[in-house]
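By convention in this document, chain letters (A, B, ...) are assigned in the order of the sequence lines, proteins followed by strands, and residues within each chain are numbered from 1.
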Amino acid sequence: MSTMNMIQAVRSGLEVMLERDRQVCVFGEDVGYFGGVFRATQGLQQRFGTHRVFDTPLAEGGIVGVAIGMGMNGLRPVPEIQFSDYMYPAFDQITNELAKLRYRSGGEWTAPVTIRAPSGGGIRGGLFHSQSPEAYFTHTAGLCVVMPSNPRDAKGLLVSSIECDDPVIFFEPKRLYRGAFDGDPEHVPPWRDQPEADVPDGYYRTPLGQAAIVRPGEDVTVVTWGTMVHVASAAINESEVDAELIDVRTLAPLDLPTIVQSVEKTGRCIVVHEAPRTCGFGAEVVALVQQHCFWNLEAPIVRVTGWDTPFPHAQEWQYMPSRERIASAMRSALAV
Amino acid sequence: MDDSKILIGKANPSSHTSAAAVKDPLPLALRVPAAPYRPGDLPRFNPFHQQPGDFSRPDTLAPHTELRDHAAGLIRVLGDDGLAAGPWQPSIGPQQLRSGLEMMMRARHFDARMIAMQRQGRLSFHVSCKGEEVAAVAGAMAFASHDVLFPSYRQAGLMLVRGMPMVAMIGQLIGNRCDNAKGRQMPVHYSWRAGNVVSISSPVGTQFPQAVGAAMAFAYRGERRVVGAWIGDGTAAQGDFHHALNFASVFRPPCVLHVVDNQWAISTHRNTSTGGATFAARADAYHLPGLRVDGNDFLAVFAAEAWAIERARRGGGPTLIELLTYRRDAHSTSDDPTQYRAPEEANHWPGGDPIDRLSRYLIRNGHWTENAHRDLNEALDQEAAAAFQHAESFGTAATGLGHPTESLFEDVYTTMPPQLTEQMRELQTESSPPSAETSIIPFEAQNKRAVG
């Protein structure tokens, strides 16, 4: 067991898999010699060699395209897209090719590719270094979509993703890389003070498709993922609401039973995510909860999300869902 | 015998070739290129073997086949002796050259000041163009003010030449209310419509096909305007590079496309961006002229620009220009190049420093003096410092950037749709009442004119 921040946990996951399986290879922009702009692959090229951990040309469509070709022919590629905002040049390769390969070939061909991409805001990154594009990919059949919120899950879910025979989009909330950001950019709790920073050194898996109940509660269910897990947790603590906080961890496949069980108990639900509201993954959660928990619901389900605008630079903190907005949503759910 | 299944599940036997059948096989392994120099290495670049005068200057409507040597070679005007020579000497007077020198020095002081301010925590981020000022300054000076430019984010000099006030540029970096783009983007993503400069975006290379499209619009409407676009060596790996070249090749609209080859894309050396020798040589496959130019030689770059712009304006179509240079600073204030680059590499670059080279040329020809150079350096240092102070007076991250809540929801559409109005009210009830301050400082008309 070691204390790790999220970057170290991701690196540890890659390291374990590179060691266990010679078919695993890691590549992308600046991931080789330099070890990635966020340093997730630091030291891996030195340890495993340039043919297993290498730099590519700056072309996301090319990176995912070659990953598919490698994956179809026995390798387990783990490409990195430097920022999730830069996945769109690869959108065709991901949504038309990678996602549909198994289906279109009647199960003959598959490509077990895990695409890692730092996502989310809170780093003063503006429009093109802050996006949370998970809904584009949950909307595409054939992809698994994962977003861990802490080091222990990050490593365990990454190992499961790499071993998964289906393609996985693995989003890493970059605001959480070096601290458990919970809504206040001036005071970011260091990971070393968090129990989830105790990460087993060797191989372990955190299964895909299982949500985590971060905090049990009786009055309202808060469903969220990524950075917002910590912001919601702080909002719950501050407002002294007895909320049940669920970190879905895997958006696709979604662990619906855990959410339904919770809402059946609390009768109230709010959904929090950074991505814009309209057609965000929260809309899917709300639809499922109302369908499965209709007779248990005491109040309308509230969404706390990013606004339906691009992610702004100067007004970042007015865009990101805050503790106050989450607390206010919980109050409105409890007021009915 | 039932042979009805013969076509199912059986490959053509002739497609089975064993390894033994391969003639004289080379060892097979994944080839992964390595950068020539990394930390701990002593860089040893060869001096440029091409000399001024090595390459002819054909008529601007010459067929692309006459430019093949230029795409593979290196057009120079300022020789190793510091003198100008050869057919590419541009028709540019001493006053314009001094203006070019001043703009490059202004860009360098601007970058130095902004990096210092970032280190002090007064800016979140900056991207410096140190060492490659020529690409932006000579390029922008060669275009007419009504031509439309699509720069990359490493071209502060281009913004300055097109007349964007330094205060407005710093306003953009801070993201306060003297940013004409309303604090929407990260630092160095300028937009300056008054100077015909298109808004800069972070996804690299997207501007290349857009520039070709802008040129297609001018051809469509019969407007004799030329479009310029710039990307880096790393970006030349993107699909958008090839989309742009192919559309340029097919539709032949009036544009000049540039690859600023500064050797490094963050930590990725150019030899991972391309397996080929030069970027300019790609033009030939598209039946376009390609010019490869010493990007630290102001005279050569200005001359190449003038040639390509004249070609486009005469109706001769697009040109691809590669500017060979070196990124002296980090990629941005977010990375430490000593982690991935040999520390002395910049000082060994055979192209030298573009400001020194032009300054020495002007001094040697009696158009500039050491004293004037020193005085200008001092004045520009003060100008950048004063501009920063002025820009900060419109708001800082610490004192508030001065954007009213509405601004977050404006400009998504022409008019705000109902769901956004509702979201704006939702935010307003959660946060403090909107600021009464005016949102954007209007710049005076005379500041909006681009330098021709």
Among A:Ile123, A:Thr278, A:Thr56, who wins on heavy-atom pairs under 4.5 Å with chain B?
A:Thr56
From the list A:Gly126, A:Ser130, A:Ala314, the residue making the most non-hydrogen contacts under 4.5 Å with chain B is A:Ala314
Tell me if the CZ atom of A:Arg47 is crowded by more than 12 foreign heavy atoms within 6.0 Å.
yes
What are the residues of residues 28-46 of chain A, in order of number, with any heavy atom under 4.5 angstrom from a heavy atom of chain B?
A:Asp30, A:Tyr33, A:Phe34, A:Val37, A:Arg39
Flag the pair A:Arg277 and B:Glu422 as a salt bridge only when some basic side-chain nitrogen lies within less than 4.0 angstrom of an acidic carboxylate oxygen.
no
Heavy-atom contact with chain A under 4.5 Å, split by part of [X]:
X: B:Pro337; value: neither
X: B:Leu420; value: side chain
X: B:Leu401; value: side chain
X: B:Ser201; value: both

[atom1]-[atom2] distance between [X] and [Y], expressed to the nearest 0.5 angstrom:
X: B:Gln423; Y: A:Asp308; atom1: CD; atom2: CG; result: 4.0 Å
X: B:Met424; Y: A:Trp307; atom1: CE; atom2: CH2; result: 11.0 Å
X: A:Leu58; Y: B:Phe241; atom1: CG; atom2: CZ; result: 14.0 Å
X: A:Tyr319; Y: B:Phe409; atom1: OH; atom2: CZ; result: 9.5 Å
X: B:Thr206; Y: A:Phe128; atom1: OG1; atom2: CZ; result: 7.5 Å

Any side-chain heavy-atom pair of [X] and [Y] under 4.5 Å:
X: A:Gln315; Y: B:Ser407; answer: yes
X: A:Asp85; Y: B:Pro203; answer: no
X: A:His313; Y: B:Arg184; answer: no
X: A:Arg52; Y: B:Leu30; answer: no

Show the nearest heavy-atom pair for residues [X] and [Y], with the distance to one decimal.
X: B:Ser124; Y: A:Arg124; answer: CB-NE, 3.4 Å
X: B:Ser202; Y: A:Tyr86; answer: CB-OH, 3.2 Å
X: A:Pro89; Y: B:Gln238; answer: CB-OE1, 4.4 Å

Using heavy atoms and a sub-4.5 Å threshold, report which of residues 31-38 of chain B line up against chain A, by residue number.
B:Val32, B:Arg38
At a heavy-atom separation under 4.5 Å, does A:Gln82 approach chain B through its side chain, its backbone, both, or neither?
side chain
Under 4.5 Å from any heavy atom of chain B - which part of A:Glu316:
neither
Interface residue of largest heavy-atom contact number with chain A, from B:Thr235, B:Asp240, B:Thr272, B:Asp411, under 4.5 Å:
B:Thr272
Test side-chain contact (heavy atoms from CB on, under 4.5 Å) applied to A:Leu127 and B:Met186, step by step
CA-CA 7 Å; A:Leu127 283 77; B:Met186 265 184 90; over 6 Å; no
